[in-house]
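Keep in mind that this is a model prediction, so the values were computed, not measured. Numbered from 1 within each chain, the chains take letters A, B, ... in sequence-line order.
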Protein chains: 2
Amino acid sequence: MTTKPASIRDVAERAGVSPATVSNVLGGRKPVNAALAERVREAARSLGYEADRAASLLRTGKARIIAVLVPDLDNPFFTSVVSAIETSLRDQGYEIIVASSNGSEATELSRLSAMLAWRPAGFVVLPCSDDFPARSRIEQAKIPYVIADRITRAPTADTVSVDNEDAGAIGARHLIENGHRNILVAASVLDLGNIRERCEGVAAVLAQQGLAASRIETGGDFETASARLSRWLDDNTPPTAILALTNFTTLGVLAALAERQIAIPQSISLIGFDDYAWMRARATPLTAISQPVQEIGEAIWARLKARIEGDTSPPAHIQLKCTLKVRASTASLSPTDSFSTGAV
Amino acid sequence: MTTKPASIRDVAERAGVSPATVSNVLGGRKPVNAALAERVREAARSLGYEADRAASLLRTGKARIIAVLVPDLDNPFFTSVVSAIETSLRDQGYEIIVASSNGSEATELSRLSAMLAWRPAGFVVLPCSDDFPARSRIEQAKIPYVIADRITRAPTADTVSVDNEDAGAIGARHLIENGHRNILVAASVLDLGNIRERCEGVAAVLAQQGLAASRIETGGDFETASARLSRWLDDNTPPTAILALTNFTTLGVLAALAERQIAIPQSISLIGFDDYAWMRARATPLTAISQPVQEIGEAIWARLKARIEGDTSPPAHIQLKCTLKVRASTASLSPTDSFSTGAV
DNA sequence: TTGTAAGCGTTATCAA
DNA sequence: TTGATAACGCTTACAA
């Protein structure tokens with residue numbers, strides 16, 4: 001039942017011209033007589049003609065596809081990056097193909113290979129690990145790519161990330177300024193460089209006060225984060241503030257505190273990571289470290305586009321700053337408190 | 001600097017066979033001598049060969065691409081559907097291309113046309129309106145497609161959605177059972193059939209008690225939902241319960257109530273829509289109407305796959321049931337209260 | 001300015 | 001069982 005879509009020949013025939021002329025009119029590459037051009041356009045319109053991208057790609061070798069590979073399509077941070085990239089590309093005649101590596105290096109490699117078969121113009125990878133073993137595969141394909149969010153060691157391509165040390169530091173500073181001395185850092189997975197850097201940012205600020213933070217590794221997803229946090233709170237004396245280093249750990253902390261009916265910020269102050277609507281839609285809106293998602297998307301596309309257009313300058317490593325959204329989940333400790341729990 | 005990727009000829013040469021044989025080995029379409037086959041596979045491996053999908057597509061006309069068009073890539077419901085579809089496709093050699101119509105019929109049409117140019121094997125559309133004017137475009141392309149979530153009037157293709165009336169009904173029933181008589185329905189946009197159906201489901205249940213709900217149209221996004229809710233609460237006597245009909249209206253309600261320091265569920269009970277981790281990570285976890293996202297994704301793919309494989313049965317209209325997750329945000333009204341605010 | 005024809009990398013047909 | 005060859009729809013030299 002499936003009829004074939006109109007081809008360039010159909011259009012040519014209908015307009016009484018050659019296929020080449022149709023191509024020139026529609027592609028706008030060569031000048032064509034105005035009247036003819038109008039006839040061609042009219043024919044194309046009436047046939048609902050749209051050039052077959054596969055054929056076009058095959059001929060030109062230029063794909064107008066951007067492949068985007070993320071660790072998890074159910075994590076709003078990753079989808080927001082995809083969305084930001086899509087917004088940037090929208091009007092430039094590019095299409096996005098997406099896939100999720102599901103946090104597994106093996107599927108990361110297989111999905112990457114599969115997407116590479118489309119000979120995309122460019123590739124965006126948010127690796128699921130710092131090792132990024134699929135890297136050799138993409139490099140051998142000699143396709144422009146940018147690595148985002150999680151940055152491979154010694155990257156040989158453009159990278160876009162946030163300044164993770166600074167992200168940790170602004171959170172820690174805010175807590176210190178509010179008199180907190182007993183701080184728990186809730187890190188997701190310390191195997192990830194970006195998480196370690198956030199930790200280091202926190203540590204550096206605390207060290208200036210002669211302090212050190214407690215730290216817990218919560219795991220990547222909400223459920224285990226919540227469970228591990230709960231256990232930790234059972235086994236340790238509670239901190240006066242918790243600094244969560246990812247969106248899911250933020251949720252884990254909230255769940256664990258809620259379960260124990262620990263009041264935020266009266267008993268424990270909390271800084272969340274990322275900035276979503278649900279963080280604001282609360283009786284106690286969350287103070288949060290916000291990643292500039294839109295700019296991340298724009299920066300990714302800017303680099304990729306430059307490479308696609310032939311830029312051969314050395315790899316650029318773009319770091320964007322996070323900002324602290326101060327809201328109600330962080331409270332000042334009274335001076336006495338801050339001294340009593342204070343430095344060594 | 002970009003070297004060409006290995007082609008089937010390179011592999012053939014290296015293995016000392018013809019391109020056709022390579023194709024047969026790798027495609028597994030025709031039987032090939034085992035020893036030869038191994039030589040071919042070895043050659044392919046060592047060259048990192050991956051068949052060019054564009055060329056393959058051009059020849060076969062079979063795309064192994066599924067195009068997915070959603071209204072908004074920043075709405076977790078839509079991205080969760082994309083994710084569910086991706087999970088279903090993952091191992092079947094298909095790729096997903098995604099785009100967002102950004103809630104605009106015009107971009108919906110233009111994005112749809114652009115994606116159609118890839119001659120995808122199938123199309124999934126979550127229309128941004130019930131009119132779905134792009135429909136004629138996709139129908140003229142004669143490509144199998146399924147419409148999901150928002151269902152066009154008189155659909156001529158397979159559709160997958162939830163039973164929206166039932167979704168509204170189970171929420172309303174829960175509130176009625178808990179003694180609520182004065183219920184506010186927070187609808188996003190009444191122009192959407194699925195939202196109207198949810199309202200009707202609520203209305204039908206209330207009508208059985210001789211009741212009618214108040215209703216407010218909050219708009220599609222969180223910010224305006226919150227603002228309109230706030231205004232409504234200022235101008236009206238508060239209900240004892242609010243039933244939110246989308247995820248963003250749920251957020252809007254939460255924000256408005258938080259702003260007014262109205263306690264949930266002590267002053268007002270709340271049922272949210274969709275089920276996300278943040279709804280559970282609260283001092284008062286939200287009772288919520290949960291859409292079966294995973295099954296929605298699976299149903300979409302099942303229909304699409306059948307159509308791609310030639311199923312010509314009449315359009316199927318699949319409706320999946322939502323479930324009520326009863327948590328702490330809905331409370332029983334004491335009998336006296338329920339009588340005093342009770343039926344006519 | 002327009003048309004003709006070659007060729008992109010596959011796969012399908014058909015002959016060996 | 002394997003190989004030669006044509007064709008998919010497009011773009012682009014080059015010829016008219």
Legend entry - Short side-chain donor-acceptor distance under 3.5 Å, Ser83(B) and Asp74(A): yes

Legend entry - Contact list for DNA chain C against residues 109-121 of chain A - heavy-atom distance below 4.0 Å: none

Inset, instruction - For DNA chain D, note the earliest and the latest nucleotide, 5' to 3', having some atom under 4.0 Å of a heavy atom belonging to chain B. - result: dT1(D) to dG9(D)

Legend entry - Pairwise distance CG(Leu89(A)) to NZ(Lys305(A)) - rounded to 0.5 angstrom: 9.5 Å

Inset, instruction - Would you check if there is a donor-acceptor pair between the side chains of Arg137(A) and Ser113(A) at a distance under 3.5 Å? - result: yes

Pairs under 3.5 angstrom only: tabulate donor-acceptor contacts from the side chains of residues 10-17 of chain A to other protein residues two or more places apart or in another chain.
| unit_1 | atom_1 | unit_2 | atom_2 | d |
| --- | --- | --- | --- | --- |
| Asp10(A) | OD2 | Ser7(A) | N | 2.7 |
| Arg14(A) | NE | Ser46(A) | OG | 3.2 |
| Arg14(A) | NH2 | Ser46(A) | OG | 3.3 |

Legend entry - Which residues share a side chain to side chain donor-acceptor pair (under 3.5 Å) with Ser129(A), sequence neighbours left out: Glu105(A)

Legend entry - Straight-line distance of Asp158(A) CG to Arg307(A) CZ, nearest 0.5 Å: 4.0 Å

Inset, instruction - Output the residues of residues 6-22 of chain A in contact with DNA chain C, where contact means a heavy atom of the residue under 4.0 Å from an atom of the strand; sort by number or write none. - result: Val17(A), Ser18(A), Ala20(A), Thr21(A)

Legend entry - Interface with DNA chain D, restricted to residues 27-39 of chain B and to heavy atoms under 4.0 Å: Pro31(B), Val32(B), Asn33(B), Leu36(B)

Inset, instruction - For residues Thr152(A) and Pro127(A), report the shortest heavy-atom separation together with the two atoms involved. - result: OG1-CG, 4.3 Å

Legend entry - CG-CG distance between Asp221(A) and Asp72(A), expressed to the nearest 0.5 angstrom: 9.5 Å

Inset, instruction - To the nearest Å, give me how far apart CG (Leu57(B)) and P (dC8(C)) are. - result: 18 Å

Inset, instruction - Determine which pairs satisfy salt bridge (charged side-chain N to carboxylate O under 4.0 Å, His left out) with at least one residue from residues 114-128 of chain A, sequence neighbours left out, and list them in order. - result: Arg119(A)-Asp52(B)

Legend entry - Glu309(B): partners by side chain to side chain donor-acceptor pair (under 3.5 Å), with sequence neighbours left out: none

Inset, instruction - Would you work out how much the helix from dT1(C)-dA16(D) to dA16(C)-dT1(D) bends between its ends, with each end axis defined by five base pairs, to 10 degrees? - result: 40°

Legend entry - Selection residues 62-117 of chain B - residue pairs positive for ring pair (Phe, Tyr, Trp, His ring centres under 6.0 Å), sequence neighbours left out: Tyr94(B)-Trp301(B)

Legend entry - Donor/acceptor link under 3.5 angstrom from Arg59(B) side chain onto base of dT11(C): yes

Inset, instruction - Any ring pair (Phe, Tyr, Trp, His ring centres under 6.0 Å) involving residues 123-145 of chain B? Give me the pairs, sequence neighbours left out, ordered by first then second residue. - result: none

Inset, instruction - Please list, chain by chain and in numerical order, all residues satisfying side chain to side chain donor-acceptor pair (under 3.5 Å) with Glu42(A), sequence neighbours excluded. - result: Arg45(A)

Legend entry - Between P of dG7(C) and CG of Leu58(B), the distance in whole Å: 16 Å

Inset, instruction - Could you state the atom-to-atom distance from CG of Leu26(B) to P of dG9(C) in whole Å? - result: 16 Å

Inset, instruction - Hey, could you give me the CD/CG distance between Gln291(A) and Asp149(A), rounded to the nearest 0.5 Å? - result: 6.5 Å

Inset, instruction - Go through the steps to decide whether Asp311(A) and Arg303(A) satisfy the test side-chain contact (heavy atoms from CB on, under 4.5 Å), and finish with yes or no. - result: CA-CA 9 Å; Asp311(A) 178 0; Arg303(A) 285 318 307 146; 3.0 Å; yes

